[in-house]
Structure formats: C-alpha cells, structure tokens
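Take a look at the structure set out below.
Predicted model only: the values in this text are computed from it and were never measured. Residues take their numbers from the sequence shown, with the count starting at 1.
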Amino acid sequence: MSARPPIRVLLADDHTLVRRGVRLILDGEPDLTVVAEAGDGAEAVAAARATEADLAVLDVAMPRMTGLQAARELSRRLPGLRILILTMYDNEQYFFEALKAGACGYVLKSVADRDLVEACRAAVRDEPFIYPGAERALVRSYLDRMDRGGDLPERPITEREEEILKLVAEGHTSKEIGELLFISAKTVERHRANLLQKLGVRDRLELTRYAIRAGLIEP
C-alpha cells in the first residue's frame, strides 16, 4: 500500500525571514511540503492558480492585497483550496473576517511552531482550527448576537472600495491605482469620494488611519 502524498502548501508572507522560518517548520514534517511562496496577496492568488496546492497559508497584512482579500478571491476561484490565516494579530475582528473570507483556521505567529502543523492537517481534513483565545471570542459574539437578536454587522465598504482604500493608504496615486486595478483614474476618484463619505473622513491621512485600524496596512 503506497503512502499518501504530502499536503502541498502555498505560503504567503511579505517578510522573507518569516516565510523561511515557517517553511522550515512545514518542510520538516513528512506529510507537508511547501510548493510555492508569495510576497503579497496578489502573488498568492496567481501562485495558487499556477500550482496544485492543497492549502494556502496567508499572512493578514501584506502589500497590494491583504491575506483576507486574497482569501476571499481564492475562495471564489478555487473552492477546493483550503485556507489558513497566519497572523501576529490576536484580534477578534480579523478572526471573524477570516472566517467570512473562507478560511478554516487562524493561527498566531507567536505560537506557529506549536500550532501551525496541526492547523494544516486539520484544514485538509475539513476541520476548523481555532486558537485558544478565539474560542472566548466566538462564545462572546454568539451571546451578543442572541442579546441583540441580530447578525454581525456587514462590512461598511465594498471589496472594491477596500482594495482602493488599501492602495490609497500605501501612497499610490489615482493613476497608479487605476493601472493596478485595470480601471480609469476617474473611477478611482469616484470610489475615493465614496470612501470619504461612507467612512466620515476628510482626507488621505484619515483614510490611512482607518486602513491601519482595519488591518489593511501595517502602522
């Protein structure tokens, strides 16, 4: 009877040293192998389509496209691909956004050496992996919803607006954003005006502060 082939992993993180360390952890296991690496979310989406990975491990805060944005895109394009979010943020908002984006697990970098391998195996078995602190968040959120008699609030901005907000906060001009997203600069300006109105902010500086709080860019 032949052994099962190892789980093929796509690893995305914009810090080369972090990727190297995580790769050492995963490649050290006989049933796991890293088949592709990416430095941002857009590269991760392209790499996932070019390789036959079983699992994508995505950092949250990456340039061009965050791990959460990439997770949403991959969930739509490659529904069979399992997704784990690997992050330094022990943050309820990111955790719930990760679940909504299609991730089946959320692993903290601070304990990656302890939890990541098991999270990978759980993901491929179609089992959710939840870090210990998130269990309290889930229970608290459930009780809050019961008290309010409603669902979690929807994201205040659309996915396209989120893409543009991230690029604005990174310092790109409307022309550059248009070229990156294949839309006109005029369309970018319209989205930007909508963002200012929706978020109740006045300028690029306040948009940047919002993007940092939302985890779209690192402070």
Side-chain angles (χ1 to χ4, degrees), residues 8-28 32-51 53-78 81-91 93-95 97-113 115-117 119-120 123 131 159-173 176-177 179-182 204 207-219:
R8 295 161 300 186
V9 181
L10 160 65
L11 177 59
D13 194 297
D14 58 320
H15 295 104
T16 307
L17 282 175
V18 173
R19 285 205 312 272
R20 193 175 298 160
V22 173
R23 182 167 196 150
L24 280 172
I25 292 171
L26 298 180
D27 282 345
L32 297 168
T33 182
V34 176
V35 294
E37 294 187 27
D40 62 50
E43 282 183 16
V45 172
R49 299 180 76 187
T51 61
D54 305 302
L55 172 69
V57 178
L58 309 173
D59 181 30
V60 168
M62 293 189 287
R64 288 174 65 203
M65 179 187 281
T66 70
L68 296 177
Q69 289 172 327
R72 286 196 288 268
E73 186 79 5
L74 289 170
S75 294
R76 280 195 293 263
R77 294 189 184 196
L78 300 168
L81 180 70
R82 301 290 176 262
I83 299 168
L84 281 179
I85 297 295
L86 178 65
T87 178
M88 61 188 288
Y89 301 109
D90 184 357
N91 180 300
Q93 179 188 346
Y94 299 159
F95 171 66
E97 286 292 343
L99 296 183
K100 285 163 67 178
C104 54
Y106 189 96
V107 180
L108 298 179
K109 288 183 180 179
S110 58
V111 289
D113 56 334
D115 288 350
L116 183 57
V117 168
C120 289
Y131 72 97
E159 288 181 24
R160 175 59 95 190
E161 287 168 344
E162 185 181 90
E163 287 176 330
I164 288 168
L165 170 60
K166 176 175 172 56
L167 293 168
V168 167
E170 288 177 348
H172 294 281
T173 65
E176 290 168 343
I177 294 170
E179 288 168 357
L180 283 167
L181 300 180
F182 304 104
R204 186 179 151 274
L207 281 176
T208 301
R209 286 177 182 146
Y210 181 90
I212 290 169
R213 289 200 305 274
L216 295 174
I217 62 170
E218 290 182 328

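- Looking only at side-chain heavy atoms (C-beta outward), L55 and V57 come within less than 4.5 Å of each other.
- The side-chain heavy atoms of T33 and L26, taken from C-beta on, include no pair separated by under 4.5 Å.
- D113 contributes no side-chain N or O that, together with a main-chain N or O of I25, makes up a donor-acceptor pair within less than 3.5 Å.
- Across A44 and A38, no two heavy atoms sit closer than the pair N-CB, 3.4 Å.
- Residues L32 and V117 have side chains in contact (heavy-atom distance under 4.5 Å, counting atoms from C-beta outward).
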* To do: Begin from the C-alpha positions of Q69 and E162 and carry the test side-chain hydrogen bond (donor to acceptor under 3.5 Å, both in side chains) through to its verdict.
  => CA-CA 9 Å; Q69 289 172 327; E162 185 181 90; 3.2 Å; yes
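- Residues satisfying the side chain to side chain contact (heavy atoms under 4.5 Å, CB included) test with A48, not counting sequence neighbours, are L10, L74, L78, L81.
- At a threshold of 4.5 Å between non-hydrogen side-chain atoms, the residues V9 and V35 do not count as touching.
- Take E73 and apply the side chain to side chain contact (heavy atoms under 4.5 Å, CB included) test, not counting sequence neighbours, and it matches V45, R76, R77.
- Of the possible polar contacts, none joining the T87 side chain to the L108 backbone as a donor-acceptor pair under 3.5 Å is found.
- In this structure, R160 places its CZ atom where more than 12 heavy-atom neighbours from other residues, nucleotides or ligands lie under 6.0 Å away.
- The pair K166-E170 counts as a salt bridge, with a side-chain nitrogen and a carboxylate oxygen less than 4.0 angstrom apart.
- A donor-acceptor pair under 3.5 Å is formed between the side chain of E176 and the backbone N or O of T173.
- Counting only heavy atoms from C-beta outward, the side chains of L216 and I212 never approach each other to under 4.5 Å.
- The side chain to side chain contact (heavy atoms under 4.5 Å, CB included) check on R19 picks up L11, D13, T16, E37, with sequence neighbours excluded.
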